[in-house]
Student: 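Take a look at the following structure, please.
Values reported hereafter were calculated over all heavy atoms of this structure, with side chains retained and with hydrogens, waters and symmetry mates removed. To find a chain, count down the sequence lines: A is the first, B the second, and so on, and within it residues start at 1. Only a predicted model underlies this, so the values are computations on that prediction, with no experimental measurement involved.
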There are 2 protein chains.
Amino acid sequence: MKSQALHGHLDALLLSVLEGGALHGYAIIEALKSRSGGTLNLPTGTIYPALRRLERAGYVESEWSTVNGRERRTYRLTAPGHRALAGERASWQELSSTVGRFLGTEPPPAAAT
Amino acid sequence: MKSQALHGHLDALLLSVLEGGALHGYAIIEALKSRSGGTLNLPTGTIYPALRRLERAGYVESEWSTVNGRERRTYRLTAPGHRALAGERASWQELSSTVGRFLGTEPPPAAAT
DNA sequence: CCCACATCGGTAGCCTTACTACCTATGAAG
DNA sequence: CTTCATAGGTAGTAAGGCTACCGATGTGGG
């Protein structure tokens, strides 16, 4: 898939991955890859700047942990990050239902639940 | 909604609107607005450049029609445009199911329909 | 008549964002 | 010692949409 399409939603993906617990950058990349079934194979040059962006925004915090003599920067979701994730979820749903209406992928809105 | 999120899918939306028949730019904007329930209120500065991009790509053709003394440039989907739309639909579905998996909006793939 | 407004098309420059292509460093395996 | 996987990072580029403009015409109100 042309990953460029992620535009604007990478942050949401990162936040959602961190929702399941703190991870370091490399592990985040692998989590994205495995949870997407290999579809999201994002390069480090995409992830690290994004993480720093999120940190600047206050949505994640990071700290260095020395594991196996390796410096790992572990990222953790903050409270604002949780809220941001909720907002991202909402706007993703809005986007996907809106675009879906045009591209014919509209998931049945009520449908049981 | 923050329209920036459309990134990369604007083209698909435009193509899908034109799928229902040729329209001029202004009418396209209104079609997007009405079919989205007002969510997609895109400015001309977004639409016109996008239409020209699509035309450059060969996905739409345009011609001037003088209506009420007003020059209207009417856009029409081409055959490649139809194919492109099909591809856009496919990649949208891939994106939405992938991102949905993370943001919890994953629509049940089989689920009756 | 004149001005304001809706219709209609368009362009220039900016900003965000992701990508490619690099670089650095360490521990383990050969 | 060299190579590879792990791990983190930066610089520069390209794409895409947005804001803010500009120009023109037809219509209706004052």
Student: Select one nucleotide: of C:dG10, C:dC8, C:dA18, the one nearest the side-chain heavy atoms of A:Asp11.
Tutor: C:dA18
Student: Counting N and O atoms only, with roles assigned by atom type, does the side chain of B:Thr78 sit under 3.5 Å from a partner on the main chain of B:Gly58, one being a donor and the other an acceptor?
Tutor: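 A pair under 3.5 Å: yes.
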Student: Answer yes or no: is there a donor N or O on one side and an acceptor on the other, between the side chain of B:Arg72 and the main chain of B:His24, under 3.5 Å?
Tutor: no
Student: If I take atom CD1 in residue A:Ile29 and atom P in nucleotide D:dA7, what distance separates them, rounded to the nearest angstrom?
Tutor: 10 Å
Student: Rounded to whole Å, how long is the line connecting atom CD1 of B:Ile47 with atom C1' of C:dG10?
Tutor: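 Computing the B:Ile47:CD1 to C:dG10:C1' distance gives 13 Å.
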Student: Would you mind reporting whether A:Leu103 and B:His9 have side-chain heavy atoms less than 4.5 Å apart?
Tutor: no
Student: From CD of B:Glu63 over to P of C:dG9, roughly how many Å is that when rounded to an integer?
Tutor: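 It is 13 Å, rounded to the nearest whole Å.
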Student: For a quick check of understanding: with a heavy-atom distance under 4.0 Å over all strands, which category does A:Gly25 fall into, base, sugar-phosphate or nothing?
Tutor: sugar-phosphate
Student: Would you mind reading off the distance between A:Arg72 atom CZ and D:dT6 atom C1', rounded to a whole angstrom?
Tutor: 8 Å
Student: Can you tell me the distance, in whole Å, between the NE2 atom of A:His7 and the C1' atom of D:dT13?
Tutor: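 So the NE2-C1' distance, A:His7 to D:dT13, works out to 13 Å.
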Student: Does the side chain to side chain contact (heavy atoms under 4.5 Å, CB included) test come out yes or no for A:Tyr75 and A:Glu61, once each step is laid out?
Tutor: CA-CA 6 Å; A:Tyr75 291 88; A:Glu61 287 171 340; over 6 Å; no
Student: Please check: side-chain N/O of B:Thr46 versus main-chain N/O of B:Leu42, any donor-acceptor pairing under 3.5 Å?
Tutor: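 Judged by distance alone, no pair lies under 3.5 Å.
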Student: Could you state the atom-to-atom distance from CG of B:Leu23 to P of C:dC8 in whole Å?
Tutor: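 Whole-Å distance recorded here is 11 Å.
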Student: The side chain of B:Trp64 is closest to which nucleotide in this list: C:dT16, D:dA7, C:dG10?
Tutor: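 From the listed options, C:dG10 comes nearest.
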Student: Parallel, tilted or perpendicular for A:His7 and B:His7, by the 30°/60° rule?
Tutor: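 Parallel: the ring planes of A:His7 and B:His7 meet at under 30°.
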Student: Any idea which of D:dA7, C:dA18, D:dG17 is nearest the B:Thr46 side chain?
Tutor: D:dG17
Student: Is the phosphate of D:dG8 approached by A:Arg73 (side-chain N or O, under 4.0 Å from OP1 or OP2)?
Tutor: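 Answer is no, no contact under 4.0 Å.
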Student: Measure from CG on B:Leu6 to C1' on D:dC18 and round the result to the nearest Å.
Tutor: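 It is 11 Å, rounded to the nearest whole Å.
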Student: Between B:Glu30 and B:Tyr75, which is nearer to the 5' end of DNA chain C once each is assigned its nearest nucleotide?
Tutor: B:Glu30
Student: Taking the side chain as every heavy atom from C-beta outward, state whether A:Glu55 and A:Leu51 have any atom pair closer than 4.5 Å.
Tutor: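 Sidechains of A:Leu51 and A:Glu55: no contact.
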Student: Answer whether the closest heavy-atom distance between the side chains of A:Arg76 and A:Val60 falls below 4.5 Å.
Tutor: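 No, side chains not in contact.
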Student: Whole Å only: how far is the CG atom of A:Leu14 from the P atom of C:dA18?
Tutor: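 Rounded to whole Å, this separation is 9 Å.
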Student: Please list, by residue number, the residues of residues 48-56 of chain A whose heavy atoms come closer than 4.0 Å to an atom of DNA chain C; answer none if no residue qualifies.
Tutor: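 DNA chain C contact set from residues 48-56 of chain A: A:Arg53.
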Student: Using nucleotides 22-28 of chain D, report all nitrogen or oxygen pairs with the protein that are shorter than 3.5 Å.
Tutor:
from: D:dT25; atom 1: O2; to: B:Arg70; atom 2: NH1; distance (Å): 3.2

Student: Would you say B:Arg52 and B:Arg73 make side-chain contact, with heavy atoms under 4.5 Å?
Tutor: yes
